[in-house]
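Each remark here refers to the structure printed beneath this line.
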2 protein chains.
Amino acid sequence: MSTLISGEVDVMLDGFERAIKTDPDFEACPVRGVLDRIGDKWSTLMVLTLALRPHRFGELKRAIPDISQRMLTQTLRDLQRDGYVARKVFPTTPPAVEYSLTDLGRSLMLPLSGLVEWAVRTRGAIEAARAAFDRENV
Amino acid sequence: MSTLISGEVDVMLDGFERAIKTDPDFEACPVRGVLDRIGDKWSTLMVLTLALRPHRFGELKRAIPDISQRMLTQTLRDLQRDGYVARKVFPTTPPAVEYSLTDLGRSLMLPLSGLVEWAVRTRGAIEAARAAFDRENV
DNA sequence: GACACCGGTTCCCTCCAAGTAACTAACTGA
DNA sequence: TCAGTTAGTTACTTGGAGGGAACCGGTGTC
């Protein structure tokens, strides 16, 4: 079974098994840290948007119209704090602020694109599974 | 800049740019669907645990001691509903229930391992960025 | 004088994820 | 008779994510 899937996965699972034996502290888990960041409602959308090109505050607001100004500011701050996003202020009038991905943020794009590709590919299967489950469970 | 990173990422970004132009419906976004599922507190941990080998309900509880019984049941149901996890009941007494990954769940392991590997690799950089940010912002 | 623009901040409210604890059925063995 | 096992369910509660709307300073425009 394990031999059916890539060796990369086996390496990760070995590391996971070792980690939970030596230090079963799920709070300090780096994966959980990353998922807490990109697992919220807006972060991934914002990272992808900034991956296209740097955006100003207002540009982001227009690119993601559903987001509230409050959440836009807060998500940008959180992404900046963890080093995914750089904030550059131009002291013009009116003020201009440009947000862009850092090298760290850009390095996330590779694993993230894997996940995006998987999500698009399996979309149908997940919808089918959900429909089947709901049918069987009244 | 785009030429510095993998072509796979460029393909994904092209798809993303096209998607937000033709159908800017973020609620229906398949990526958000996946992140809503694996972005919660316990799902990823449970998927990884089940990737090691199938587990019974009580085994999972012992493998992830911090989880409450309520959240264990609920997360398993959600994972089962979306087709990641299979539930098999053995009508013995006392009852035995075995949870295992489906093919769909196993197929998630490849993109997930990419993310896990990235999280482990960049852990230090993120902590450093966070410390620097907190230092500069009182 | 009134308004708009940019990039926010602040207050208040709502809803949901998650935790705690108690309860269940069916059976086993002492 | 009574405790223990497995695999849950149910009721209650709380913290935090997220939304809405008002407000801010500084500037330019009509």
Side-chain angles (χ1 to χ4, degrees), chain A residues 26-27 29 32-47 49-50 54-82 85-100 133 136-138, chain B residues 26-27 29 32-47 49-50 54-82 85-100 133 136-138:
Chain A
F26 299 130
E27 304 300 328
C29 170
R32 192 173 268 188
V34 171
L35 284 176
D36 281 352
R37 178 98 320 288
I38 68 168
D40 66 9
K41 193 169 180 181
W42 301 108
S43 289
T44 304
L45 203 48
M46 224 175 282
V47 167
T49 304
L50 292 178
H55 279 66
R56 292 183 49 185
F57 187 87
E59 283 183 303
L60 275 173
K61 225 175 102 173
R62 264 167 271 133
I64 312 175
D66 289 5
I67 199 174
S68 66
Q69 194 153 319
R70 192 182 106 78
M71 287 313 295
L72 180 55
T73 313
Q74 185 180 307
T75 306
L76 283 169
R77 283 293 167 285
D78 291 344
L79 290 173
Q80 188 192 349
R81 176 168 186 257
D82 281 12
V85 160
R87 180 174 184 268
K88 194 172 174 187
V89 183
F90 299 90
T92 57
T93 51
V97 179
E98 188 187 81
Y99 293 93
S100 57
F133 183 91
E136 286 166 24
N137 296 268
V138 188
Chain B
F26 300 130
E27 305 299 327
C29 169
R32 192 173 269 186
V34 171
L35 284 176
D36 281 351
R37 177 95 325 287
I38 68 169
D40 65 9
K41 194 168 180 182
W42 301 109
S43 289
T44 305
L45 203 48
M46 224 174 282
V47 167
T49 303
L50 293 179
H55 280 65
R56 291 182 50 187
F57 187 86
E59 285 182 302
L60 274 172
K61 226 176 103 173
R62 265 166 269 133
I64 311 174
D66 290 5
I67 199 174
S68 66
Q69 193 152 321
R70 192 181 106 80
M71 286 314 294
L72 180 55
T73 312
Q74 186 179 305
T75 306
L76 283 169
R77 283 293 167 285
D78 291 344
L79 290 173
Q80 188 194 349
R81 176 168 187 258
D82 281 12
V85 160
R87 179 175 183 268
K88 195 173 175 186
V89 182
F90 299 90
T92 57
T93 53
V97 180
E98 189 187 80
Y99 292 94
S100 57
F133 183 91
E136 287 166 21
N137 296 269
V138 188

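Lettering follows sequence order; numbering is per chain, from 1. From a predicted model like this one, the values you see are computed outputs, not experimental measurements.
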[N] [atom2] sits how many Å from [X] [atom1], rounded?
| X | N | atom1 | atom2 | value |
| --- | --- | --- | --- | --- |
| B:Lys41 | D:dG16 | NZ | P | 11 Å |
| B:Asp78 | C:dC16 | CG | C1' | 13 Å |
| B:Arg77 | D:dT10 | CZ | P | 11 Å |
| A:Leu72 | D:dG18 | CG | C1' | 13 Å |
| B:Leu76 | C:dA17 | CG | C1' | 16 Å |
| A:Asp40 | C:dC16 | CG | P | 17 Å |
| B:Ile67 | D:dA7 | CD1 | C1' | 14 Å |
| B:Arg37 | C:dA17 | CZ | C1' | 12 Å |

Among [options], which nucleotide sits nearest the side chain of [X]?
| X | options | value |
| --- | --- | --- |
| B:Pro95 | D:dA7, C:dC6, C:dG19 | D:dA7 |
| B:Arg70 | D:dG18, D:dT10, C:dT28 | D:dT10 |
| A:Met71 | D:dG19, D:dT9, C:dA18 | D:dG19 |
| B:Val97 | D:dA7, C:dG7, D:dG18 | D:dA7 |

**Message:** Testing the basics here: between B:Phe26 and A:Pro65, what is the closest heavy-atom pair and its distance to 0.1 Å?
**Reply:** CE1-CD, 4.0 Å
**Complete:** In short, A:Tyr99 meets A:Leu50 closest at the heavy-atom pair O-CD2, 3.5 Å
Looking at [Y], is its backbone amide N or carbonyl O close enough to the side chain of [X] to form a donor-acceptor pair, meaning the two atoms are under 3.5 Å apart?
| X | Y | answer |
| --- | --- | --- |
| A:Arg37 | A:Leu79 | no |
| A:Thr92 | A:Pro94 | yes |
| A:Thr44 | A:Ile38 | yes |

**Request:** Select base, sugar-phosphate, or nothing to describe what B:Ser68 touches, counting heavy atoms under 4.0 Å on all strands.
**Result:** base
**Prompt:** Looking for any heavy atom pair under 4.0 Å, which part of the strands does A:Tyr99 touch: base, sugar-phosphate only, or nothing?
**Reply:** sugar-phosphate
**Request:** Strictly below 4.0 Å, heavy-atom distances to any atom of DNA chain D: list the hits from residues 55-64 of chain B, or just say none.
**Result:** B:Arg56, B:Phe57, B:Gly58
**Prompt:** More 5' along DNA chain D: B:Ala96 or A:Asp66, using each one's nearest nucleotide?
**Reply:** B:Ala96
**Complete:** 5'-most contact on DNA chain D (nearest-nucleotide basis), B:Pro94 vs A:Thr75, goes to B:Pro94
**Asked** Any side-chain heavy atom of B:Met46 sitting closer than 4.5 Å to one from B:Val85?
**Response** no
**Prompt:** Looking at side-chain heavy atoms only, is the closest gap between A:Lys41 and A:Thr75 below 4.5 Å?
**Reply:** no
